[in-house]
Structure formats: C-alpha cells, structure tokens
Amino acid sequence: MLSYRHAFHAGNHADVLKHAVLVEVLAYYNQKDKPYWYVDTHAGAGCYGLEGGYAAKNGEFLEGVGRLWDAPPRAGVLQAYLDVVRGFNPGGALALYPGSPAVALECMREGDRMRLFELHSSDEPLLAALFAHETARVQIRREDGFKGLIGLLPPPSRRAVVLMDPPYEVKTDYQVVVSTLAGALKRFATGTYLVWYPLLQRPEARRLPEQLRRLGMENWLQVELTVRRPARDGSGMHGSGLFVVNPPWSLPERLKEALPEMVKALALDEGAGFSLDWAIR
C-alpha cells in the first residue's frame with residue numbers, strides 16, 4: 001500500500017542536497033545543443049505549498065531550504081539551486097517548494113523532454129495538473145517507475161538524466177533500486193543516473209551504497225550529507241546521500257566548494273558532516 005507523501009518532507013536537508021546536485025547536472029547537460037530526456041521514477045506531486053497543509057505540519061523545510069533563504073550562500077552550486085527555488089517565490093517569501101520535476105523543468109530547454117512516473121492516487125492528479133500546460137514536453141504515467149524506466153531506455157537522443165528517488169517505505173525498495181539500476185545500465189550505459197538514499201541505522205540502508213558500487217560502472221560519484229548524530233535508539237534519518245552514475249567531470253570540484261557551506265547551514269548538532277568519493281575516467 002502506498003502511504004508515503006513527500007509533502008511532509010518538502011524542502012528538508014535531503015531535498016537541498018538532491019536538488020542542488022540535480023540543478024548542477026542539468027546545467028552540465030545544457031552545455032551541449034543536443035536534446036535530452038529527464039526521467040523521474042517517483043515524481044510525487046511536483047510542487048508543495050509551505051504555508052499550510054502537510055509541509056507545515058512537520059516544518060522540515062525550516063531546517064532545510066529555510067536556513068539558506070535569508071542568508072544567501074556563496075558556493076555556486078547552492079546559488080544556482082536557490083535561484084531555481086526563488087523562481088517559484090517571486091514575492092520574496094518562501095511559500096512554495098518545487099519538487100524534482102518542477103526543478104528539472106525550470107532547468108531544461110524547449111527541445112528537452114520529461115517522462116514522469118507516479119503511482120500515488122492523490123499525488124498523480126496533482127502532478128498532472130501542475131504540468132497540464134506542458135503536454136508537448138512532459139508525459140506522466142501512473143505506474144511503477146522501477147518497471148516503467150526500463151521500457152523507456154535508451155531515449156531517442158541517447159542523452160538522459162534519470163532520478164531514482166523512491167520513498168524506501170518498504171525494505172524491498174533497496175534491492176529493487178539495485179536491480180533496476182543494473183537493468184537500466186544494460187540498456188543504456190551512458191546515461192546519467194542519480195540514486196537518492198536515506199542515511200538510516202537499518203542494515204539494508206547501510207548496505208545500499210556498496211551494493212551500487214559493485215555494479216561495476218567506471219564513472220561514479222557518491223556524496224553524503226549528515227545533519228546530526230544517529231539517534232541512540234536507531235530511529236530517524238540523520239542524513240542522506242546520492243550515488244551518481246556517469247557524473248559530470250566538474251561535479252566533484254563543485255561539490256567540494258559547496259558541501260562545507262551546506263554542513264554549516266544545515267547542522268543540527270556536532271554530528272553533522274559530509275563525505276565525497278568518486279571515480280571519473
């Protein structure tokens with residue numbers, strides 16, 4: 001049963017990391033004239049109100065994007081990310097937070113295309129309404145993104161950025177992420193894949209990054225951001241990570257500049273920090 005709603009977590013520390021990297025990757029793709037596809041396996045509702053509803057209940061954005069809002073960062077990665085979020089808030093107050101599809105569309109060009117998957121019976125209609133004016137560029141499917149992704153690959157242009165951002169609300173999501181990425185790479189080895197994952201105490205979460213590395217790709221990057229010490233009882237998410245297959249060659253240096261500033265802004269206690277590792281040939 002699908003119960004996860006990203007609206008509760010919109011704009012939190014995990015979104016800051018995920019969307020800052022996504023903006024950077026898409027900016028790199030924009031450097032070539034050839035069009036590309038953006039594919040999102042778990043698209044959510046697309047955009048979230050922060051002044052009421054689910055996001056206001058938990059207020060996670062206050063310890064995420066909210067901490068960057070009134071103190072503009074210096075790192076270029078974070079500046080570009082905040083510029084996208086500000087584009088959805090022309091009045092100056094932080095009232096809306098764009099989800100990954102909205103972030104991506106803001107970065108993409110007229111000739112690029114978007115393919116979105118969302119199964120949730122409440123979120124899929126919201127997603128469709130958000131992009132109702134973009135039917136030429138955006139296609140939305142109410143189906144399992146893990147299964148639907150493979151059928152889309154390779155894209156006609158042979159260029160694509162794929163975001164795999166499942167809720168991990170069931171343990172099997174971890175293994176399905178690994179098997180789906182393996183299948184996608186067999187069909188389309190040159191695409192750029194971003195796999196988001198939570199930092200939790202549960203064993204399947206801790207094993208995931210190493211399982212992804214064992215798939216044997218030549219070019220990859222792994223970045224993790226922690227905002228607090230792990231809870232003594234093992235509960236809760238203390239950070240998140242991204243595993244990027246075929247990352248832009250410039251991404252490591254750009255993140256080296258941004259991550260210390262991200263940690264300083266988002267830290268909840270002395271357990272905050274980051275790690276960055278990569279192999280790019």
Side-chain angles (χ1 to χ4, degrees), residues 1-7 9-10 14-15 17-19 21-23 25-26 29 36-48 98-105 107-108 112-128 130-131 134 137-155 157 159-198 204-205 208-209 211-212 215 217 220 240-247:
M1 184 177 76
L2 289 167
S3 59
Y4 178 87
R5 304 295 300 278
H6 188 70
H9 313 289
D15 272 356
L17 175 64
K18 174 173 56 185
H19 292 152
V21 173
L22 178 60
V23 170
V25 169
L26 294 177
Y29 263 66
Y36 59 87
W37 280 18
Y38 169 78
V39 184
D40 197 322
T41 63
H42 297 75
C47 197
Y48 307 94
S100 301
V103 167
L105 192 66
C107 298
M108 292 165 63
D112 303 322
R113 296 293 181 262
M114 184 179 292
R115 300 295 182 262
L116 308 176
F117 295 93
E118 180 52 51
L119 260 180
H120 199 287
S121 60
S122 297
D123 282 351
E124 189 273 338
L126 296 173
L127 185 68
L130 181 66
F131 293 109
E134 287 285 358
R137 286 200 290 168
V138 180
Q139 291 184 11
I140 300 169
R141 300 183 182 182
R142 187 175 174 184
E143 62 180 275
D144 185 338
F146 286 135
K147 296 177 181 177
L149 170 63
I150 304 301
L152 290 180
L153 302 176
S157 65
R159 299 185 77 215
V161 175
V162 178
L163 176 63
M164 298 173 63
D165 178 24
Y168 299 98
E169 64 178 338
V170 293
K171 291 182 179 181
T172 53
D173 277 354
Y174 294 92
Q175 191 53 49
V176 175
V177 161
V178 177
S179 60
T180 300
L181 180 59
L185 288 170
K186 286 181 180 179
R187 291 182 64 93
F188 183 48
T190 57
T192 295
Y193 300 85
L194 289 77
V195 180
W196 178 87
Y197 57 92
E204 57 271 18
L208 180 61
Q211 290 176 318
L212 293 171
L215 293 178
M217 66 288 293
W220 56 269
S240 69
L242 278 171
F243 190 87
V244 185
V245 180
N246 297 322

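None of these values were measured; they are calculated from a predicted model.
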Worksheet, complete the sentence: By side-chain hydrogen bond (donor to acceptor under 3.5 Å, both in side chains), Trp220 pairs with (sequence neighbours left out) none
Worksheet item: Does the side chain to side chain contact (heavy atoms under 4.5 Å, CB included) test come out yes or no for Phe188 and Val162, once each step is laid out?
Response: CA-CA 11 Å; Phe188 183 48; Val162 178; 5.8 Å; no
Worksheet item: ring pair (Phe, Tyr, Trp, His ring centres under 6.0 Å) with Tyr174: which residues, sequence neighbours excluded?
Response: Tyr168
Worksheet item: Any side-chain heavy-atom pair from Leu194 and Val21 closer than 4.5 angstrom?
Response: yes
Worksheet item: Looking at Val23, Asp15, Leu163, which hits side-chain contact (heavy atoms from CB on, under 4.5 Å) with Val103?
Response: Val23
Worksheet item: Which residues satisfy the salt bridge (charged side-chain N to carboxylate O under 4.0 Å, His left out) test with Asp40, sequence neighbours excluded?
Response: none
Worksheet entry | Those residues that, when tested against Ala14, pass side chain to side chain contact (heavy atoms under 4.5 Å, CB included) (two or more places apart) | Asn12, Trp196, Met237, Ser240
Response to the item:
In terms of heavy-atom contacts, Ala43 and Glu118 come closest through N-OE1, 3.4 Å
Worksheet item: Any idea which heavy atoms bring Leu17 and Gly241 closest together, and the distance?
Response: CD2-CA, 4.2 Å
Discussion item. If you define the side chain from C-beta out and look only at heavy atoms, does anything of Met217 sit under 4.5 Å from Asn246?
Written reply: no
Practice prompt. Quick one: pull up NZ in Lys186 and CG in Leu215 and give me the separation to the nearest 0.5 Å.
Written response: 9.5 Å
Worksheet item: Is there a side-chain contact between Met108 and Tyr38 (heavy atoms, below 4.5 Å)?
Response: yes
Worksheet item: If you look at every heavy atom in Ile140 and Ala128, which pair is closest and at what distance?
Response: CD1-CA, 3.6 Å
Practice prompt. Could you tell me whether a side-chain N or O of Ser179 sits under 3.5 Å from a main-chain N or O of Val176, the two making a donor and an acceptor?
Written response: yes
Worksheet entry | Counterpart residues, side chain to side chain contact (heavy atoms under 4.5 Å, CB included), relative to Leu130 (two or more places apart) | Cys47
Worksheet, complete the sentence: Scanning both residues in full, the closest heavy-atom pair of Leu119 with Arg142 reads O-NE, 3.5 Å
Item to complete: Could you tell me the separation between the CZ atom of Phe243 and the CG atom of Leu212, rounded to the nearest 0.5 Å?
Response: 5.5 Å
Worksheet item: Are any non-hydrogen side-chain atoms of Leu26 and Tyr36 less than 4.5 angstrom apart?
Response: yes
Worksheet entry | Beyond-backbone contact of Leu116 with Met114, side-chain heavy atoms, under 4.5 angstrom | yes
Worksheet item: Hey, what do you get for CG (Leu105) to CZ (Arg113), rounding to the nearest 0.5 Å?
Response: 10.5 Å
Worksheet item: Can you name the residues that form a salt bridge (charged side-chain N to carboxylate O under 4.0 Å, His left out) with Glu134, not counting sequence neighbours?
Response: Arg137
Worksheet item: Does Ser100 have any side-chain hydrogen bond (donor to acceptor under 3.5 Å, both in side chains) partners at least two apart in sequence or in another chain, and if so, which?
Response: His19
Worksheet item: Of all residues at least two apart in sequence or in a different chain, which pass the side-chain hydrogen bond (donor to acceptor under 3.5 Å, both in side chains) check with Asp112?
Response: Arg109
Worksheet item: Partners of Tyr29 by side-chain hydrogen bond (donor to acceptor under 3.5 Å, both in side chains), sequence neighbours excluded?
Response: Thr192
Fill in: Exercise: identify the closest heavy-atom pair between Ala205 and Pro198
CB-O, 4.1 Å
Item to complete: With sequence neighbours excluded, tell me which residues meet side chain to side chain contact (heavy atoms under 4.5 Å, CB included) with Gln139.
Response: Arg115, Arg141
Discussion item. Using 0.5 Å steps for rounding, measure from the CD atom of Glu143 to the CD atom of Glu124.
Written reply: 10.5 Å
Discussion item. As an exercise, state the distance from CD of Gln211 to CG of Leu181, rounded to the nearest 0.5 Å.
Written reply: 11.5 Å
Worksheet entry | Under 3.5 Å donor-acceptor, Glu204 side chain and Lys171 backbone | no
Worksheet item: Can you find a pair of side-chain heavy atoms, one from Val25 and one from Pro247, that are under 4.5 Å apart?
Response: no
Discussion item. Does any part of the side chain of Tyr48, heavy atoms only, come nearer than 4.5 Å to the side chain of Pro98, both counted from C-beta?
Written reply: no
Item to complete: Measure the shortest side-chain to side-chain distance between Tyr197 and Asp165 over non-hydrogen atoms and say whether it is less than 4.5 angstrom.
Response: no
Worksheet entry | Residues which pass side chain to side chain contact (heavy atoms under 4.5 Å, CB included) with Ala184, listed by chain and number, not counting sequence neighbours | Leu149, Ile150, Leu153, Tyr193
